[in-house]
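Okay, structure first, notes after.
Because only heavy atoms are used, hydrogens play no part in the values below, and waters and symmetry mates are left out as well, while side chains stay in. To find a chain, count down the sequence lines: A is the first, B the second, and so on, and within it residues start at 1.
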Amino acid sequence: MGTLGEQVSGMEQMDKLVTLCKRRGFVFQNSEVYSGLAGFWDYGPLGVELKRNIERFWWNYMVRRRDNVAGLDAALIGPEAVWVASGHVGAFHDALVDDKNSKERFRIDQLLYHTEEDAEAAEIYALEAIEAGVTDETKFWDGLKEKIGYYPLNPNTGKASRFTAPRQFNLMFKQGIGATGEGGQTGYLRAETCQPIFVDFDSVRVTARQRVPFGIAQIGKAFRNEINPRNFLFRAREFSQMELEFFVRPDSLIEQLKAAQVAETPGLHDQPGSLAPTQHWYEYWLGERRSYYTALGIRDEFLRIHDHPPEKLAHYAKAACDIEFLFPFGWGELEGIHHRGDYDLRQHQEHSGKKFEYFDDDAHRLLTESGMNKDEARRLATYLPNCIETSVGLDRTFLAVLTAAYDEDEQDTKHEGKEADIRIVLRLHPRLAPVTCAVFPLSKKLSGPDSKAYKLYRTLIEMGLSCEFDDAGSIGKRYRRMDEIGTPWCLTYDFDSEEDGAVTVRDRDSLSQDRVSLEEVPTLLIQKLSES
RNA sequence: GCGGGAGUAGCUCAAUGGUAGAGCCCCAGCCUUCCAAGCUGGUCACGCGGGUUCGAUUCCCGUCUCCCGCUCCA
């Protein structure tokens with residue numbers, strides 16, 4: 001952060017980011033001409049480039065450079081059965097009540113009851129009442145009192161209060177399949193991208209010829225009908241996730257067998273056998289994910305790990321933590337790393353009737369070699385894999401990258417009568433920047449389709465670089481336009497270029513200017529990119 | 001979803017019960033111009049709907065969106 005960057009308050013910075021995003025075409029409110037739709041955003045010309053660069057970065061880091069991770073791009077919508085099995089149809093249908101006195105909102109089972117049984121009875125009663133269309137609060141609460149013998153209290157004050165009748169909040173988008181809406185299936189837009197991964201687990205494993213441990217990765221949209229979308233891209237109703245589900249053996253049988261054999265057996269890579277069998281994979285991925293953010297150019301002081309205490313874990317999780325980023329509005333979750341156990345595969349196995357068990361050839365061979373009888377060896381070698389999940393919010397990463405990159409400089413100004421010359425600059429990682437370089441003919445007389453400047457621009461484009469050509473306005477103004485969108489390098493073709501065949505390469509951060517011959521420019525840029 | 005605040009050009013703001021001005025941005029042209037703010041010209045706005053009124057950007061109601069707090073947050 002520059003000197004000015006540190007002085008602006010969080011919300012000021014957020015406003016500046018939102019304005020910049022709109023002004024320069026990173027992100028627009030969806031359907032703005034129809035006054036907008038809360039929780040939905042459109043990525044503009046620069047936004048789509050930045051977003052794809054982030055995706056590519058993640059995909060290379062998590063999939064392409066590993067031989068034990070396979071990719072997937074599954075449908076956004078799935079039949080009801082998938083979401084019943086995953087638990088979303090049940091868990092995403094909370095019955096909520098508002099306290100009219102305190103303006104607080106509670107899940108009905110989290111009010112103050114004498115016993116847990118009463119709380120459960122209240123929830124069941126509430127869901128029935130919602131089903132039956134009961135909206136009269138007096139009728140509802142009197143009915144509940146008949147059931148459990150008293151009115152529940154506000155859990156914060158411990159006192160009686162005026163509650164509304166319960167309402168159901170369905171966090172999943174539901175859709176009838178088939179044009180008539182009749183006779184077809186009910187489908188849901190996926191609430192998280194991982195469920196199709198679990199459903200396709202066996203198909204991917206077999207076709208990718210993968211053996212446990214291995215992972216399945218996916219980047220794609222997910223949808224949640226959030227009660228209240230907030231904080232720009234941070235909580236949207238349609239958003240993208242980048243997820244890896246990594247499947248591991250739930251015990252340390254292999255390590256034990258190998259250790260028992262002989263010392264020369266090489267240990268599995270990255271797999272110290274002394275730890276709890278799956279815990280180290282959880283820690284391995286946490287470490288990998290931290291390195292990823294460093295590689296992405298996000299400094300450590302913007303990140304922290306928030307461990308979920310055991311009593312607060314979701315029903316499926318054995319361990320969980322969040323990687324949080326310091327957004328302008330405070331710390332917020334960027335990524336969740338969860339040890340999901342075998343919950344998901346087990347659920348889908350039970351609901352679908354298909355086996356997701358894995359037969360471990362290695363273990364089977366070692367076991368039979370040790371003289372164990374076949375049935376016992378087969379039993380021990382067959383298991384349902386456990387899953388370590390790393391789940392990143394792509395839109396949140398986008399916002400984090402912008403937040404970390406946003407800076408304001410104070411420049412020396414030649415002009416008098418003005419207080420300060422403020423330069424807005426996005427210090428984006430060069431590989432993330434939506435535009436990598438720009439070509440500026442110093443004068444329009446050096447412009448035109450047959451000019452050398454334009455030909456340089458075409459050359460760079462054909463090399464696959466993201467490049468812009470700008471001949472409008474003063475040269476300084478053009479530099480500023482590029483600073484504001486984070487373009488790392490600007491190439492200026494001037495009157496001397498005709499003679500010396502060289503251009504000025506201007507650096508976004510150092511403002512340095514180097515004279516480079518036209519022939520060397522492409523390789524220089526490629527080199528700078530790979531070194532960054 | 002509740003409570004509070006706010007919506008006038010791409011941005012920042014102004015004025016007005018008789019349909020709106022400016023600066024910056026943007027576009028075109030001029031200038032041998034390497035770090036915004038030179039000259040000339042130009043485009044672009046009262047979130048949407050309804051009501052009151054002869055007439056509404058202005059007053060009222062609703063709605064949508066944004067911000068803050070609560071809530072929610074797999």
Side-chain angles (χ1 to χ4, degrees), chain A residues 11 14-16 18-20 22-25 28-40 86-88 91-92 94 96-107 156 164 167 169 171-172 191-195 222 224-232 234-235 241 243 308 313-317 320 322 329 332-333 336 338 340 343-344 389 391 393 409 411-418 420-424 440-446 471-484 490-498 503-508 511-513 515:
Chain A
M11 289 328 295
M14 191 68 182
D15 288 343
K16 286 178 174 180
V18 173
T19 299
L20 178 65
K22 183 179 180 185
R23 198 177 70 234
R24 296 309 308 272
F28 311 121
Q29 171 82 46
N30 172 260
S31 302
E32 203 168 18
V33 300
Y34 291 103
S35 85
L37 189 59
F40 296 89
S86 71
H88 286 81
F92 268 16
D94 293 334
L96 301 183
V97 299
D98 290 316
D99 185 326
K100 289 181 158 186
N101 294 335
S102 66
K103 307 296 179 198
E104 295 162 306
R105 167 172 296 163
F106 302 100
R107 264 166 52 185
N156 293 333
T164 61
R167 276 170 304 181
F169 287 78
L171 275 331
M172 276 202 299
E192 55 185 23
T193 54
C194 61
Q195 290 305 326
R224 288 179 203 167
N225 212 346
E226 296 287 350
I227 293 170
N228 194 354
R230 277 288 166 93
N231 290 327
F232 195 33
F234 185 79
R235 175 161 296 121
Q241 293 183 304
E243 293 199 309
H308 292 212
L313 292 177
H315 59 277
Y316 58 76
D322 298 333
F329 51 83
E333 180 185 346
H338 293 201
R340 297 180 75 118
Y343 176 81
D344 302 279
E389 168 185 275
S391 172
D409 266 359
Q411 296 295 318
D412 293 335
T413 172
K414 290 191 277 191
H415 308 276
E416 291 179 12
K418 290 281 180 178
D421 176 13
I422 307 296
R423 178 179 77 131
I424 295 174
F440 300 154
L442 193 57
S443 160
K444 277 195 176 151
K445 294 197 172 126
L446 300 167
D471 62 2
S474 76
I475 190 71
K477 193 170 267 187
R478 284 179 263 170
Y479 286 146
R480 294 301 169 85
R481 277 199 283 260
M482 286 298 140
D483 291 339
E484 206 175 44
C490 295
L491 314 170
T492 300
Y493 188 95
D494 62 22
F495 295 101
D496 294 337
S497 301
E498 291 292 327
V503 292
T504 304
V505 178
R506 180 264 197 184
D507 184 89
R508 175 193 72 198
L511 304 181
S512 66
Q513 302 192 118
R515 202 70 183 164

Is any N or O donor-acceptor pair between the side chain of [X] and the base of [N] shorter than 3.5 Å?
X	N	value
A/H88	B/A74	yes
A/R235	B/C73	yes
A/R506	B/C35	yes

Exercise. Taking for each residue the nucleotide of RNA chain B bearing the nearest heavy atom, is the 5' side occupied by A/K444 or by A/Q513?
Worked result: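 Nearest nucleotide further toward 5': that of A/K444.
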
Exercise. Starting at the 5' end of RNA chain B, which residue's closest nucleotide do you reach first, A/D507 or A/F495?
Worked result: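 Here A/F495 is the residue nearer the 5' end.
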
For this session: Could you run through nucleotides 61-68 of chain B and give me one letter per nucleotide, 5' to 3': B if any protein heavy atom sits under 4.0 Å from the base, S if only the sugar-phosphate is that close, - if neither?
Result: ---SSSSB

Give the rounded distance in Å between these two atoms: [atom1] of [X] and [atom2] of [N].
X	N	atom1	atom2	result
A/L442	B/C35	CG	C1'	11 Å
A/E226	B/G1	CD	P	14 Å
A/D494	B/C31	CG	P	18 Å
A/R340	B/A74	CZ	P	11 Å
A/H308	B/C73	NE2	C1'	11 Å
A/L446	B/U32	CG	C1'	8 Å

Problem set entry | Contiguous Watson-Crick or G-U pair runs (3 or more, under 3.5 Å) in RNA chain B | B:1-7 with B:64-70, B:10-13 with B:21-24, B:26-30 with B:38-42, B:47-51 with B:59-63

Any side-chain N or O of [X] less than 4.0 Å from the OP1 or OP2 oxygen of [N]?
X	N	value
A/S391	B/A74	no
A/R481	B/C26	yes
A/K477	B/A37	no

Determine the Euclidean distance between corresponding [atom1] atoms of [M] and [N]; express it in Å to zero decimal places.
N	M	atom1	value
B/C26	B/A37	C1'	15 Å
B/U40	B/A22	P	15 Å
B/C72	B/C24	C1'	41 Å
B/G3	B/G62	P	11 Å
B/A6	B/C60	P	12 Å

Problem set entry | Ring center gap for A/F440 and A/Y479 short of 6.0 angstrom |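 Yes: the rings meet the under 6.0 Å criterion.
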
Exercise. Any idea which heavy atoms bring A/A472 and A/K444 closest together, and the distance?
Worked result: CA-CE, 4.4 Å

Can you check nucleotides 10-12 of chain B for protein contacts, nitrogen or oxygen pairs under 3.5 Å, and list what you find?
residue, atom, partner, partner atom, Å
B/C11, OP1, A/K22, NZ, 3.1

